[in-house]
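The structure appears right after this line, and notes come after that.
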There are 2 protein chains.
Amino acid sequence: MIISMHKRIIFVITYELMMKKNYSQYPKHLLAVDCIIFGFDGNNLKILLIKRNFEPKKGEWSLMGGFIGDNETLDSAANRVLISLTGLENIYLEQLRVYSEVEREPTARIISVSYYALINIENNFEINEKYNAQWFDLNDFPELIFDHNLMVNHAVARLRYRASTQPIGFELLPVKFTMRELQSLYEAIFDETYDKRNFISKINSLDILIKTNEKDMRSSKKGSFLYRFDEKKYRNKIAKGYIFKI
Amino acid sequence: MIISMHKRIIFVITYELMMKKNYSQYPKHLLAVDCIIFGFDGNNLKILLIKRNFEPKKGEWSLMGGFIGDNETLDSAANRVLISLTGLENIYLEQLRVYSEVEREPTARIISVSYYALINIENNFEINEKYNAQWFDLNDFPELIFDHNLMVNHAVARLRYRASTQPIGFELLPVKFTMRELQSLYEAIFDETYDKRNFISKINSLDILIKTNEKDMRSSKKGSFLYRFDEKKYRNKIAKGYIFKI
DNA sequence: ACAAAAGTGTTTGCGTTACACCCATGA
DNA sequence: TCATGGGTGTAACGCAAACACTTTTGT
């Protein structure tokens with residue numbers, strides 16, 4: 001009985017090895033993730049960059065990245081990278097695309113998958129100091145290493161597409177926000193200006209916000225009402241065939 | 001002089017090794033591409049699948065795929081895979097996304113990047129027989145291995161998005177086509193039906209087609225005029241800020 | 001009283017949709 | 001002559017864009 005068990009285990013192991021051997025002729029690759037981290041300060045879109053303290057390109061600005069492990073998905077690697085920089089969990093993260101130019105990094109062949117994240121900049125979180133991270137205005141940030149500028153361009157394009165078809169803007173705002181803030185956010189994302197009457201009636205027609213009784217008194221003497229995104233209502237509408245479009 | 005040259009070379013090699021050593025702590029991964037190949041037969045969107053003649057999942061239907069080499073990009077790997085199956089070069093190919101679930105393939109950890117291709121099914125090309133490939137109707141094709149069904153779903157979504165913002169539909173049609181064919185194509189892509197008068201006036205308002213003097217006599221006794229996509233005009237318009245939208 | 005931001009409706013124009021009949025031709 | 005698909009125009013509607021004044025309140 002024991003021997004038979006043994007045989008069985010050995011057979012399984014051998015079979016697995018045999019099957020895996022099929023792939024041994026193919027090269028393996030270093031795989032990394034790089035994160036484009038967006039924030040919004042009330043006026044402009046911001047991007048969180050790190051100053052590299054290691055070679056190559058030490059001292060230059062880059063996206064935050066990391067290598068993918070043997071037992072993690074790209075999504076979890078991107079999350080891990082993000083948590084190590086900001087400590088924030090459960091933040092909006094979307095895969096963008098893969099960059100595989102053979103010479104994209106000078107010291108080794110590294111294939112990189114870009115992710116973009118949306119975080120509420122007003123959450124008082126601690127940015128891990130060891131990375132020398134800094135927020136930059138998306139309209140004025142330094143040249144980045146390798147193909148990271150290209151990644152940022154792709155991320156902005158995707159953010160615009162996503163923001164026009166899904167209510168992801170709220171990821172960048174505090175839970176409660178004013179109409180003015182929401183409008184400024186969309187103006188920043190799409191690099192346009194809108195008429196506030198048209199903007200508000202558009203938003204109201206979507207019928208996915210809750211107007212609270214609270215007012216934000218910081219911005220004016222009169223104060224402006226605070227709104228919340230009604231995610232439950234939104235999900236209900238989606239389930240009934242509603243299509244978000246802004 | 002020769003010695004000095006030697007020293008320089010040795011130094012360079014050592015430096016490279018030293019730099020690469022930094023990455024030796026990180027795992028390497030098998031990386032593949034999988035291609036969703038779309039065609040259009042005049043009525044329905046089609047997808048080209050292969051019947052696997054190797055384990056695992058021998059005999060089941062799958063997407064055409066292949067591993068990425070040390071000195072090729074993902075784009076060129078996808079192209080190589082496509083050429084080996086169809087012999088076709090210079091076809092429309094767009095990267096979709098990466099699939100990295102740890103257990104997505106049972107015999108080894110393989111991370112896969114999906115691409116979708118648009119080919120003109122009427123080009124008389126030879127499908128490489130060794131792959132047991134077959135065209136299926138996109139509304140009625142067999143269950144695929146691993147996460148390939150998910151890949152197809154993503155590809156259809158991307159195709160729809162792309163077709164609504166760029167004139168890629170023409171990749172699926174012969175160089176000369178009738179208005180009816182064009183309408184059928186868009187109806188197949190978006191799974192809707194359109195009023196032909198509205199469709200034609202919409203297309204004409206885009207002003208990117210050339211009406212030839214030729215008629216397609218196969219479809220009716222009267223015959224219907226053939227059109228060509230005016231790529232030059234389109235590029236000109238784009239350069240002047242024109243935004244394609246359908 | 002005044003400065004500064006909040007809040008609120010109506011009109012116009014354009015693009016999308018709905019809709020039906022005649023034409024040309026081969027069989 | 002008839003059956004089949006090709007080709008064409010107009011009216012109604014709805015959403016998006018343009019546009020300006022009143023309210024509130026702290027200073």
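Just the heavy atoms: all of them, side chains too, but no hydrogens, waters or symmetry mates, feed the values below. Numbers restart at 1 for each chain; the letters A, B, ... are given by sequence-line order, proteins then strands.
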* Taking the six-membered ring for Trp, are A:Y186 and A:Y194 ring centroids under 6.0 Å apart? -> no

* To do: Tell me what B:K202 touches on the nucleic acid: a base, only sugar-phosphate, or nothing, going by heavy atoms under 4.0 Å.
  => sugar-phosphate

Quickly work out the [X] [atom1] to [N] [atom2] distance and round it to whole Å.
{"X": "A:D195", "N": "D:dC21", "atom1": "CG", "atom2": "C1'", "result": "13 Å"}
{"X": "A:F199", "N": "C:dT8", "atom1": "CZ", "atom2": "C1'", "result": "16 Å"}
{"X": "A:N198", "N": "C:dT8", "atom1": "CG", "atom2": "P", "result": "15 Å"}
{"X": "B:K215", "N": "C:dA24", "atom1": "NZ", "atom2": "C1'", "result": "7 Å"}
{"X": "B:M179", "N": "D:dT8", "atom1": "CE", "atom2": "C1'", "result": "12 Å"}
{"X": "A:L226", "N": "C:dG7", "atom1": "CG", "atom2": "P", "result": "10 Å"}
{"X": "A:F225", "N": "C:dA5", "atom1": "CZ", "atom2": "P", "result": "19 Å"}
{"X": "A:M217", "N": "C:dA6", "atom1": "CE", "atom2": "C1'", "result": "11 Å"}

* Structure fact -> Whichever of B:R197 and B:T178 has the more 5' nearest nucleotide on DNA chain D, that residue is B:T178

* **Residue whose nearest DNA chain D nucleotide is more 5′ - A:G223 or B:S201** => B:S201

* To do: Determine the interplanar angle of the A:Y116 and A:Y92 rings, folded into 0 to 90°, and report it as parallel if under 30°, tilted if 30 to 60°, perpendicular if over 60°.
  => tilted

* **Electrostatic pair A:K51:A:E60 at N-O distance under 4.0 angstrom** => no

* Asked: Would you call A:K237 and A:D207 a salt bridge, taking side-chain N to carboxylate O under 4.0 Å as the test?
  -> yes

Please pick, from [options], the nucleotide with the shortest atom-to-atom distance to any side-chain atom of [X].
{"X": "A:S219", "options": "D:dG6, C:dA5, C:dT8", "answer": "C:dA5"}
{"X": "B:K196", "options": "C:dG26, C:dT8, D:dT8", "answer": "D:dT8"}
{"X": "A:K221", "options": "C:dT8, C:dA6, D:dT25", "answer": "D:dT25"}

* Asked: Under 3.5 Å, is there a donor-acceptor pair between the B:D34 and B:S112 side chains?
  -> yes

* Structure fact -> Between B:S220 and A:K222, whichever has its closest DNA chain C nucleotide further toward 5' is A:K222

